[in-house]
Amino acid sequence: MRMINPVADRLLSIVLPHAEAGACDPDHGEKFWVYCYCRNRRVHHQRCTVTCSGGQTCAVCVQTGEPC
């Protein structure tokens with residue numbers, strides 16, 4: 001039995017993908033607007049989302065209609 005377990009573990013590691021456990025940022029998925037610039041007297045913002053690692057991903061800047 002002692003020899004079977006290590007062999008079985010190695011075979012499983014070949015077949016199954018390796019995954020690492022980790023904690024996700026508590027604000028994960030939160031969306032917010034970020035100021036980009038003012039053009040033609042209108043504010044342009046971009047919509048951002050907090051990633052699991054605590055960083056952020058943002059979409060392209062869009063005109064929001066808000067005067068600047």
Side-chain angles (χ1 to χ4, degrees):
M1 195 64 158
R2 287 184 201 174
M3 291 182 66
I4 294 173
N5 285 339
V7 172
D9 286 343
R10 277 189 232 138
L11 288 174
L12 281 175
S13 67
I14 292 170
V15 177
L16 297 175
H18 178 73
E20 292 184 22
C24 196
D25 188 279
D27 295 328
H28 170 67
E30 180 181 331
K31 296 182 181 344
F32 56 96
W33 289 97
V34 175
Y35 174 84
C36 290
Y37 51 83
C38 178
R39 182 185 291 162
N40 299 329
R41 296 189 209 151
R42 296 289 177 211
V43 175
H44 288 69
H45 286 97
Q46 62 187 156
R47 181 88 173 191
C48 298
T49 305
V50 177
T51 62
C52 194
S53 63
Q56 64 187 35
T57 58
C58 298
V60 296
C61 295
V62 294
Q63 180 181 329
T64 57
E66 193 179 320
C68 54

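The nearest pair of heavy atoms linking Cys48 to Val34 is SG-CG2, 3.5 Å. Residues Gln46 and Ala59 share a closest heavy-atom pair of NE2-O, 2.8 Å. The two residues Val50 and Asp27 make their nearest non-hydrogen contact at CB-O, 3.5 Å.
Gln63 CD to Cys36 SG: the interatomic distance, rounded to the nearest 0.5 Å, is 12.0 Å. Separating the NE2 atom in His45 from the SG atom in Cys58 is a distance of 12.0 Å, to the nearest 0.5 Å.
Remark: the backbone N or O of Pro67 is not paired with any side-chain donor or acceptor of Arg41 at under 3.5 angstrom.
His44 meets the ring-ring contact (aromatic ring centres under 6.0 Å, His included) test with Tyr37; sequence neighbours excluded.
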Exercise. Going through the distances and angles, do Tyr35 and Thr64 end up as a side-chain contact (heavy atoms from CB on, under 4.5 Å)?
Worked result: CA-CA 10 Å; Tyr35 174 84; Thr64 57; over 6 Å; no

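Sorted by first and then second residue, the ring-ring contact (aromatic ring centres under 6.0 Å, His included) pairs involving residues 48-68 (not counting sequence neighbours) form an empty list.
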